[in-house]
Amino acid sequence: MTDIQKPKPGAKKRGFSVRDMPGFTTIALFSFAALYAPILVLVVFSFNKGNSIALWEGLSWHWYAAAWQNDTVQEATIRSMVLATLASVIATTVATLAALGTTHSGNFRGRTAIYMLINQPLMVPEIVTAVALLIFFSMIRIATGYSGLAYLVIAHAAFCVPFAYLPIRARLEGMDTTLEVAAADLYATPWRTFRRVTLPLMAPGIVAGAMLAFVISLDDVIITEFVKTAGQDTLPTYMLGQLRRSITPEVNAISTVLLGITIVLLTLFFILTRKRSAKS
């Protein structure tokens, strides 16, 4: 029998890394190509001069100009922005109160159940949530006769609460509570402590949660399609309707603009969360 070779003294112990597994790089590259190659094709063909979405006929900004001058696209864009803004404000406010209640109240019975209830929309398939909201709001429509945009605002806000809650809760859990204790020792009232100490410290998490909720609301299709009534198309549902009729590079142009907005907001979200992690 041969003796088992022992590591040399002073040698650095090498841990397990998934990147050292055979074929990892190949699988990773294939996965990224499968995810992003269609998006790249969509962006490229948004500059196509002709009407085809599969045959390149030259470089042109024609479809961006056509989308910009389309009255229906303008109305859907304004509606989407208003809806996403209102939904993100409501969702962020509710998420902030929920995060304060679950992280600044100590351990209490039922906190795990509250976590589960808040994060449930992340676990349940979106189509189930959409059908439930459709039934619930239909009952209210029949009883009240109201069919305005408020249903979409409430539906989007309810769906976006967990997305705003996660970064806010993470920020609160990483905060140094000694500053709040020091403010209380200096005879600051609870409201003054919250306004001058707690709120400024949790502001990056609130902004990050609001941006994430805005993106989720702006891009939502399933809930919007079930809850909306006639004349309440958002930009994603308008694009879905166009795909059912005739497809032109105008849809590619609108998709590219939406993609750009999403990338900008998610980049800002990443910067805020990275700064938060570095400070903590």
Using 0.5 Å steps for rounding, measure from the CD1 atom of Ile140 to the CD1 atom of Ile154.
7.0 Å
What distance do Glu126 atom CD and Thr129 atom OG1 have between them, rounded to the nearest 0.5 Å?
7.0 Å
Salt bridge flag under 4.0 Å for residues Asp233 and Arg79
no
If you group Ile, Leu, Val, Met, Phe, Trp and Tyr by side-chain heavy-atom gaps below 4.5 Å, do Leu149 and Ile222 land in one group?
no
Please determine if Arg141 forms a cation-pi arrangement with Tyr146, meaning its NZ or CZ atom is less than 6.0 Å from the six-membered ring centre and no more than 45° off the ring axis.
no
Should we say atom CZ of Arg192 is surrounded by more than 12 heavy atoms from elsewhere, each under 6.0 Å from it?
no
Quick check: is Val264 connected to Ile216 through a chain of hydrophobic side chains (ILVMFWY, heavy atoms under 4.5 Å apart)?
yes
Closest heavy-atom pair and its distance - Leu235, Ser80
N-OG, 2.7 Å
Between Tyr165 and Thr102, do the side chains contain a donor N or O and an acceptor N or O under 3.5 Å apart?
yes
In this structure, would Val257 and Val82 fall into the same cluster of hydrophobic residues linked by side-chain contacts under 4.5 Å?
yes
Using the rule that Ile, Leu, Val, Met, Phe, Trp and Tyr join whenever any side-chain heavy atoms are under 4.5 Å apart, tell me whether Val161 and Val124 fall into a single cluster.
no
Is any side-chain heavy atom of Met81 closer than 4.5 Å to one of Ile261?
yes
Has the side chain of Ser88 got a donor or acceptor atom that lies under 3.5 Å from a matching backbone atom of Thr85?
yes
Taking all heavy atoms of Gly205 and all of Ile168, pick out the closest pair and write down the distance.
O-CG1, 3.4 Å
If we ignore hydrogens and angles and just use 3.5 Å, is the side chain of Thr77 paired with the main-chain N or O of Val73 as donor and acceptor?
yes
Please confirm whether the backbone N or O of Asn252 pairs with a side-chain atom of Trp63, one donor and one acceptor, at under 3.5 Å?
no
Taking it one step at a time, do Arg169 and Tyr115 satisfy side-chain contact (heavy atoms from CB on, under 4.5 Å)?
CA-CA 11 Å; Arg169 175 190 165 190; Tyr115 286 155; 3.5 Å; yes
Reported CG-to-OG1 distance for the pair Asp219 and Thr262, which is rounded to 0.5 angstrom
4.0 Å
Could you go through Thr234 and Lys228, starting from their C-alpha distance and side-chain angles, then the distance that decides it, and tell me whether this counts as side-chain contact (heavy atoms from CB on, under 4.5 Å)?
CA-CA 9 Å; Thr234 60; Lys228 73 179 181 69; over 6 Å; no
Is the closest side-chain donor-acceptor distance between His156 and Thr224 under 3.5 Å?
yes
Whether the side chain of Asn119 engages the backbone of Leu122 through a donor-acceptor N/O pair (distance < 3.5 Å, no angle test) should be reported.
no
Could you go through the side-chain contact (heavy atoms from CB on, under 4.5 Å) check for Asp220 and Glu225 one step at a time?
CA-CA 9 Å; Asp220 185 81; Glu225 191 69 24; over 6 Å; no
Are the side chain of Glu173 and the backbone N or O of Thr103 linked by a donor-acceptor pair below 3.5 Å?
no
Would Glu75 and Ile78 count as a side-chain contact (heavy atoms from CB on, under 4.5 Å) here? Give the steps.
CA-CA 5 Å; Glu75 292 176 4; Ile78 294 172; 6.0 Å; no
CD1 of Ile118 to CD of Gln120, rounded to nearest 0.5 Å, is 11.5 Å
Plane angle bin for Tyr64 and Trp61 - parallel if under 30°, tilted between 30 and 60°, otherwise perpendicular:
tilted
Can you tell if the side chain of Pro121 reaches within under 4.5 Å of the side chain of Pro162, non-hydrogen atoms only?
yes
Which heavy-atom pair separates Met239 from Ile254 by the least distance, and what is that distance?
SD-CG2, 3.4 Å
Donor-acceptor pair, side chain of Gln232 and main chain of Gly148, under 3.5 angstrom:
yes
Minimal non-hydrogen separation, Ala157 against Ala91, with atom names:
O-CB, 3.5 Å
Can you see whether Asn48 engages Glu57 through a side-chain donor-acceptor pair at a distance of less than 3.5 angstrom?
no
At what distance, to the nearest 0.5 angstrom, does CD1 of Ile142 lie from OG of Ser147?
12.0 Å
Cluster question for you: counting only ILVMFWY and a side-chain heavy-atom cut-off of under 4.5 Å, with indirect links fine, are Val207 and Leu97 together?
no
Search all heavy atoms of Ser255 against all heavy atoms of Leu42 and return the closest pair with its distance.
CB-CD2, 3.6 Å
Does the plane of the ring in Phe45 sit parallel, tilted or perpendicular to the ring in Trp56? Use 30° and 60° as the thresholds.
perpendicular
To the nearest 0.5 Å, how far apart are OG in Ser31 and OH in Tyr36?
11.0 Å
Heavy-atom pair with the smallest gap, counting every atom of Thr92 and Ala210
OG1-CA, 3.3 Å
Pairwise side-chain contact, Phe226 with Ile127, heavy-atom cut-off 4.5 Å (strictly under):
yes
